[in-house]
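Step one of this worksheet: look at the structure below.
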Amino acid sequence: MAPAPLKRLHVCSKCGFQSPKWFGRCPSCGDWNALVEGKASSSGKSRPAVPAHAYAEIQGSGLQRITTGNSEVDRTLGGGIVPGSLILLGGEPGIGKSTLLLQVAESLSNQGRPVLYVAGEESVEQIRLRGDRLEVQGKRLYLLGETCLERILEQIESLRPSVVIVDSIQTMFSEATESIPGSVSQIRDCAAELLVFAKREGVPVLLIGHITKDGALAGPKALEHIVDVVLYFEGTRHRNEKIVRAVKNRFGPSNELGIFEMSSRGLRCVENPSRLFLSQRSERVSGSAVTCTMEGSRPVLVEVQALVSQSGFSAARRMTDGVDANRVALLLAMLEKRLGLDLLGSDVYINVAGGFSLTEPGVDLAIVAAIVSSLGNRPLPESTVVFGEVGLAGEIRAVSFPRNRVKEASMMGFRNLILPANSLPLNEPVRGVSLQGVATVGECLEAIALPGTGP
Ligand code: TYD
Ligand code: MG
């Protein structure tokens, strides 16, 4: 059979959009002059066919994980690295990706596992300097300054490492792909090639990928569906607290968090995040409410702050940091309609202390409490934690793992808990705390002695 003619494609170097036709402006992301000629993604084109296996005869590997020895990294990965997995660690430049993976490399090599660290971005001397700062001994750690994928695979062949780290995937290029290094098709083809290697040899590969806030650098987003695990550093590099979240995990729970603090000697695991996130809180100020959120399997106490002020503009401003703006708009509408609060002419600012991003519905009630507290300029009672999902009718809905949240609050010294009535009774009591179940937002405001008429 005659070979199929090579399909010409135009690929957007920004977002990865593909089209046989050329456009001056990418129809997908709208970027000008971003479409370049390239080949259709070539991964898989010359690999031998694999026979089908009978389901019943396939041996589950039992997922023997490699523990990295770094408690927060292991937690984020759901217990450790699964052999043969491809893991992507993304985050903005300077946030700590290279630091974290060099620390992981050190701790793996201390267990006697040979680790290959491929440095495409910095020289091996630069990595060594960082290593000195981190007091890396690197007994079985190998550094390779190389960006050509074929040559890296050759080195892997001769070195036979247990774990491979690629810093960063944006700098890698494959000779088999025509497009320029850093383009989406290069990044995707290199990742696909590394995936084949990882699965074939059972060697895990960790990829570092840069992400900028506006997504200007192509790459990691296009890899999310190829890799097994996606970890992202949350927030910006300006904070000392660093949060790594698993947004995808084929081998474990997603949404698990690892929390670190950047020190002069690298990233330190934070065993008690509640203490860290509440450390700078001032007691008894209006507009502040402490809540307990479940991040993966872990309860974390955080402070939600609200500032409600008379707007000087015809359209009131609504700004949020750390919570979804649409969620806040919805809660504000609910407060207007159900409790008759007048918020139309007020600017509302919501902030989550410590740079944490809250995505879980259990924090609704704290947002509401903070808003009403700021509006009336009255602080919440001392030693109080509120959590619960708020519905459009002002009803409070049950949340997951209420007891874990209550326990965490009690451990951190809080005594009064306002929680959904539907989440009570707890399946096992927690001593030393007073629990107050509320069924509506009105009941909640009454419980924390804030003005508001019940729905
Ligand atoms: P880095 O890991 O190089 O970031 P990335 O690989 O994500 O681009 O470094 C992150 C920042 O951390 C850098 O600005 C320097 C700082 N840093 C420390 O504060 N302490 C340390 O021990 C190290 C190694 C870095
Ligand atoms: Mg780096």
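All ligand and atom numbering here is 1-based and tracks the order in the structure.
- Between Glu135 and Arg265, at least one side-chain N (NZ, or NE/NH1/NH2) sits under 4.0 Å from a carboxylate O, which counts as a salt bridge.
- Here 1 is the count of protein N, O or S atoms positioned under 2.8 Å from the Mg ion (ligand 2), waters not counted.
- Judged by distance alone, the side chains of Gln305 and Asn351 do bring a donor and an acceptor atom under 3.5 Å apart.
- Using a 3.5 Å distance cut-off with no hydrogens or angles, the side chains of Thr177 and Asp189 do pair a donor with an acceptor.
- For a heavy-atom separation below 4.0 Å, the residues in contact with ligand 1 are Glu92, Pro93, Gly94, Ile95, Gly96, Lys97, Ser98, Thr99, Arg130, Arg133, Leu134, Met262, Ser263, Ser264, Arg265, Gly266.
- Seen from the ring of Phe387, Arg405 counts as a face-on cation partner, given the 6.0 Å and 45° thresholds.
- With sequence neighbours excluded, no residue forms a ring-ring contact (aromatic ring centres under 6.0 Å, His included) with Tyr117.
- For the pair Thr291 (side chain) and Val386 (backbone), a donor-acceptor distance under 3.5 Å is present.
- With hydrogens and angles left out, the side-chain atoms of Glu303 and Ser288 include a donor and acceptor closer than 3.5 Å.
- Under a cutoff of 6.0 Å and an axis angle of 45°, Lys199 and Phe197 do not form a cation-pi pair.
- Residues passing the ring-ring contact (aromatic ring centres under 6.0 Å, His included) test with Phe260: none are found, sequence neighbours excluded.
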